[in-house]
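Since the structure comes first, as C-alpha cells, the remarks are kept for the end.
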Amino acid sequence: KITPSSEIEYYFDEITATLHIRGEGKIPNDLTGNCRYDDDFDDDEFDDYYEDNESSEEEKKKELTDIMADVKTVIIGEGITEIGHCAFKGYEGFKNLETAVLPQSLKTIGECAFFGSQKLTPVNLPSNLKEIEHEAFYNTGIKNIVFPESLTYLGNAFNYSALASVYVPENVERIDGSAFDRCDNLKKITFTNAVCGVANCNALEEIIYPV
C-alpha cells in the first residue's frame, strides 16, 4: 500500500502484478519526480508513507521505480477524475504495463500519462472523458482506440503509437499540432469537425475531412 496523497491510495498485488488505485480527484504526477512536466511536483507527496523511513530521496525513487517495473495491469477506481503528468510513463517507469482500466468518472488524461509504455495495448476510454493532453499515449502499442463523443480536446497525444485507424468524433473542438505523427501503421483518419496536421505516417492511405 502506498499513499501518495490524502485522497489517493495505491494497492499493489504482487501475485497478479496489478496496481489498484482508489480515491477521489487527481492521480499525482510522476511518482519518481523525474517527469518532464514536473514543475508542480511536490517533494513532500510521500511524507506520510515515509515518515518513519530515513531513506534518501534517491532510495525512495528507486523503491518506487522497482515497484512500477513489476506492474502489468493498472485498475483505476471510480471517483478518479484526472491522471497526472507522466503518472504511468514507460521506459524507466511502467515499462511492462500491458493493460489500463479507466473509470467512467475520468475527465482528463494528463501530459505524458502513459508516455513510452510500449507494451500497453488495450485501453477503453471512458464515455465521460473530456481531454487527452500532449503525448499522453506517445509510443504505446495501442492499435485501436475509440474516442468517446464527450471528448472536446485532443493534444499531440498518439505520436509514434501503433494506431491502425482513427475516427475523431464531432464534439472535438481542438486538436493540437500533429496528434498522429510517426504512426507508421496508420492507414485511415476520419475528421468530423476539428482537424490537425498529419506527417510521417508511412502507411497512410486515406484522410477524410469535414465538408
Side-chain angles (χ1 to χ4, degrees), residues 5 7-11 16 18-29 37 71-90 94 97-115 117 119-159 161-180 183 185-196 198 207-210:
S5 73
E7 294 82 19
I8 304 292
E9 291 182 332
Y10 291 7
Y11 298 85
T16 63
T18 300
L19 181 66
H20 297 267
I21 301 178
R22 306 171 188 171
E24 297 182 354
K26 178 183 176 180
I27 292 176
N29 296 350
Y37 296 101
V71 176
K72 291 186 176 181
T73 301
V74 169
I75 299 177
I76 302 175
E78 292 296 331
I80 301 297
T81 58
E82 181 178 353
I83 298 175
H85 301 162
C86 303
F88 304 107
K89 69 175 183 190
F94 289 84
L97 182 62
E98 299 174 356
T99 305
V101 180
L102 308 180
Q104 291 300 313
S105 56
L106 189 66
K107 305 291 186 184
T108 302
I109 298 177
E111 292 171 343
C112 296
F114 296 94
F115 183 98
S117 295
K119 296 183 180 180
L120 181 65
T121 49
V123 173
N124 293 322
L125 299 179
S127 59
N128 295 311
L129 187 66
K130 297 289 187 183
E131 299 180 341
I132 303 176
E133 297 183 356
H134 294 310
E135 298 183 340
F137 294 99
Y138 177 98
N139 199 16
T140 60
I142 297 173
K143 295 181 180 180
N144 298 293
I145 198 80
V146 177
F147 295 118
E149 293 297 328
S150 59
L151 192 69
T152 59
Y153 169 69
L154 178 62
N156 299 331
F158 288 89
N159 305 50
S161 71
L163 286 176
S165 65
V166 170
Y167 178 89
V168 181
E170 187 174 1
N171 288 328
V172 175
E173 300 169 353
R174 184 162 60 95
I175 307 175
D176 282 351
S178 302
F180 309 108
C183 293
N185 298 316
L186 187 59
K187 293 184 177 182
K188 181 178 180 179
I189 305 176
T190 300
F191 297 106
T192 55
N193 186 10
V195 300
C196 72
V198 178
I207 303 177
I208 299 176
Y209 288 102

Would you say [X]'s side chain and [Y]'s backbone share a donor-acceptor pair under 3.5 angstrom?
| X | Y | answer |
| --- | --- | --- |
| Asn171 | Leu151 | no |
| Asn159 | Glu135 | no |
| Thr192 | Pro169 | yes |
| Asp176 | Gly155 | no |
| Glu82 | Gly110 | no |
| Ser105 | Gly79 | yes |
| Ser150 | Ser127 | yes |
| Asn193 | Glu173 | no |
| His20 | Ile75 | no |

Side chain to side chain, [X] and [Y], heavy atoms closer than 4.5 Å:
| X | Y | result |
| --- | --- | --- |
| Val195 | Ile207 | no |
| Leu129 | Leu102 | no |
| Lys119 | Leu97 | no |

Any chance CD of Glu78 has more than 12 other-residue heavy atoms, nucleotides or ligands included, within less than 6.0 Å?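 It does: Glu78 CD has more than 12 such atoms within range.
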
Does Lys188, at its NZ atom, have more than 12 non-hydrogen atoms belonging to other residues, nucleotides or ligands within less than 6.0 Å?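 Counting neighbours around NZ of Lys188, 12 or fewer heavy atoms of other residues, nucleotides or ligands fall under 6.0 Å, so no.
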
Would Phe137 and Ile145 count as a side chain to side chain contact (heavy atoms under 4.5 Å, CB included) here? Give the steps. CA-CA 11 Å; Phe137 294 99; Ile145 198 80; 5.6 Å; no

Nearest 0.5 Å please: distance from the [atom1] atom of [X] over to the [atom2] atom of [Y].
| X | Y | atom1 | atom2 | result |
| --- | --- | --- | --- | --- |
| Asn29 | Ile83 | CG | CD1 | 11.5 Å |
| Lys72 | Thr18 | NZ | OG1 | 10.0 Å |
| Lys26 | Glu7 | NZ | CD | 12.0 Å |
| Ile189 | Tyr167 | CD1 | OH | 14.0 Å |

Go through it in stages, so that I can follow the logic: the residues are Val172 and Phe147, the test is side chain to side chain contact (heavy atoms under 4.5 Å, CB included), and I'd like the CA-CA distance, side-chain angles, deciding distance and then a yes or no. CA-CA 9 Å; Val172 175; Phe147 295 118; 5.8 Å; no

Plane angle bin for Phe115 and Tyr138 - parallel if under 30°, tilted between 30 and 60°, otherwise perpendicular: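 Because their plane-to-plane angle is under 30°, the rings of Tyr138 and Phe115 count as parallel.
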
Please state whether the rings of Phe88 and Phe114 are parallel, tilted or perpendicular, taking 30° and 60° as the class boundaries.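 It falls in the parallel class, under 30°.
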
Under the side chain to side chain contact (heavy atoms under 4.5 Å, CB included) rule, what do Leu106 and Ile76 come out as? Steps first, then yes or no, please. CA-CA 9 Å; Leu106 189 66; Ile76 302 175; 5.8 Å; no

For Thr108 and Glu133, run side chain to side chain donor-acceptor pair (under 3.5 Å): C-alpha distance rounded to whole Å, both residues' side-chain angles, the deciding distance at 0.1 Å, then the answer. CA-CA 8 Å; Thr108 302; Glu133 297 183 356; 5.4 Å; no

One pair to check against side chain to side chain contact (heavy atoms under 4.5 Å, CB included): Lys107 and Asn128. What are the steps and the verdict? CA-CA 6 Å; Lys107 305 291 186 184; Asn128 295 311; 3.8 Å; yes

